[in-house]
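First up is the structure itself, then whatever we jot down about it.
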Amino acid sequence: MSDIKIKNIFVNGKIESGFIGESIAKHSSKTTIGGHSIFMGQVRRDDQGGKFVYAIEFTAYETLALEKMNLIREEIFDKYPIICLHVYHSLGVVNTGDICLFVFCSAAHRTPAIDACTEIVERLKTELPIWGKEIFEDDSHQWKENN
Amino acid sequence: MSDIKIKNIFVNGKIESGFIGESIAKHSSKTTIGGHSIFMGQVRRDDQGGKFVYAIEFTAYETLALEKMNLIREEIFDKYPIICLHVYHSLGVVNTGDICLFVFCSAAHRTPAIDACTEIVERLKTELPIWGKEIFEDDSHQWKENN
Amino acid sequence: MEIEIISFGKISEFIPRQKIDITGISDTDTLKVHLEKAFPQISTMKYKLALNEKLVQNNTLISGNEVVAIMPPFSGG
Amino acid sequence: MEIEIISFGKISEFIPRQKIDITGISDTDTLKVHLEKAFPQISTMKYKLALNEKLVQNNTLISGNEVVAIMPPFSGG
């Protein structure tokens, strides 16, 4: 529908800390940036009535999710004076302690970078068709519900 | 005055992106964490009436700064249900495009991690005795003023 | 008239991908009534539909041959 | 009676580390008046004092032999 290039946000499995470090390094050539705000989601070893989560398996309706993320991205760029915005979300199994979401927002000043980053995290949790299946140590599972 | 161990926050020169990646990786064993919020300050190539900043040289009243940071840390841990908090600030010369501030706050849920991180950044800018000298490309300088 | 049904999350555990006959059904509101009869579990759940990769926000006409996705509340992040 | 003066930031450019005689000065409010006479540049600036590595918030007694830091507004981060 749109001429705009749809960016992929999906990564198979966990998001590596080295990848995050490299993403940060790439911004040193952008000398109008004064502040970077990052949010990362990490899989918790949640206790659900005595059963412990050992992984979350993510699935998504990918085409719909990428199109929606693209709209959110455009709205965020319209709303805040930000310079860069990167979003990555895991698909497939991510173990406890590993990173499943990485949102990276940069601006000349700290306030727009922080506000935009926070708003993106809120919106992607409620608006992107992604589902998390919490897998317990006894191999049973339950579908994650966002608050 | 206090029995509490005072953590050093100062780093000579820029904060390396690899160090930031390693800090993130170290948190994978903390499986009660669900959200990480990071803020990074980067030196901007600011145009000050036709003269461009090429570096900021930071100095601090170190003993006073570390003691104050320690108090801020305690107040933040009292106020928010956070699990980890790390703060690093550069001393000496940091060139444009390089990172001079790294604040890393983790919690079970995203909201306290983000709110605590934001509050720390605000407070350390106004409360820590640290000064930035903006050095221009022609070797003249001006003292940075926080807004 | 046939449509293809796909499902996600919890709903994918009891509604596999399939084609269903929707003769006489011309919009998404009527389709919902039909789906809730065919798959009683979803009638007590919150769910959304997408028609040909577009989220259904308001009642929408169906011409047949569409792909309809049945989606429980999102839980990414 | 002598105190040692140190300074930071912009102020360090015109007030080097030095010992000054403060005979007759017994608190930080009076010291400020004295410093602004000795170093007129600071009288038009915002600055804070620290006494023996403690930020001076209210008027504080000086006994002599202290280290007094003169600090312009902070600009870290």
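Just so it is clear, the structure is predicted and the values come from calculations on it, not from any experiment. Lettering of chains follows the sequences in order, A, B, ..., and the numbering in each one begins at 1.
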If I measure from the heavy atoms of chain D, does B/F58 come under 4.5 Å with its side chain, its backbone, both, or neither? side chain
Heavy atom to heavy atom, less than 4.5 Å: which residues from residues 32-39 of chain D reach chain B? none
Would you please classify the geometry between the B/F104 ring and the B/H27 ring as parallel, tilted or perpendicular, with 30° and 60° separating the classes? tilted
Evaluate the side-chain contact (heavy atoms from CB on, under 4.5 Å) criterion for residues D/L55 and D/Q57: first the C-alpha distance (whole Å), next the side-chain angles of each, then the deciding distance (0.1 Å), finally the verdict. CA-CA 6 Å; D/L55 197 65; D/Q57 312 262 24; 4.1 Å; yes
Heavy atoms under 4.5 Å from chain B: which residues of residues 59-77 of chain D carry them? D/A69, D/M71, D/P72, D/P73, D/F74, D/S75, D/G76, D/G77
Just jot down the side chain to side chain donor-acceptor pair (under 3.5 Å) partners of B/K51, sequence neighbours excluded, or say none. B/S140
Side chains of B/D115 and B/T118, donor plus acceptor under 3.5 Å: no
B/H86 vs B/Y88 aromatic rings, parallel, tilted or perpendicular, using cut-offs 30° and 60°? parallel
Do B/V53 and B/R45 come close enough that some side-chain heavy atom pair is under 4.5 Å? no
For B/Q142, which atoms come within 4.5 Å of any heavy atom of chain D: side chain, backbone, both, or neither? neither
Looking only at side chains, do B/E57 and B/W131 share a donor and an acceptor under 3.5 Å apart? no
Which one wins on heavy-atom pair count under 4.5 Å against chain D: B/P129, B/S90, B/G132? B/P129
Check ion pair B/K68-D/E53 (N to O, under 4.0 angstrom): no
Do the non-hydrogen side-chain atoms of B/E119 and B/Y80 ever get within less than 4.5 Å of each other? yes
If I take atom OG from residue B/S106 and atom CD1 from residue B/I38, how far apart are they, to the nearest 0.5 angstrom? 7.5 Å
Measure B/L101 against the heavy atoms of chain D and call it side chain, backbone, both or neither at under 4.5 Å. side chain
Answer with yes or no whether the side chains of B/E134 and B/Y54 bring together a donor and an acceptor at under 3.5 Å. no
Identify which part of B/A65 has an atom lying under 4.5 Å from any heavy atom of chain D, answering side chain, backbone, both or neither. neither
Residues two or more places apart in sequence or in another chain: which of them pass side chain to side chain contact (heavy atoms under 4.5 Å, CB included) with D/Q41? D/F14
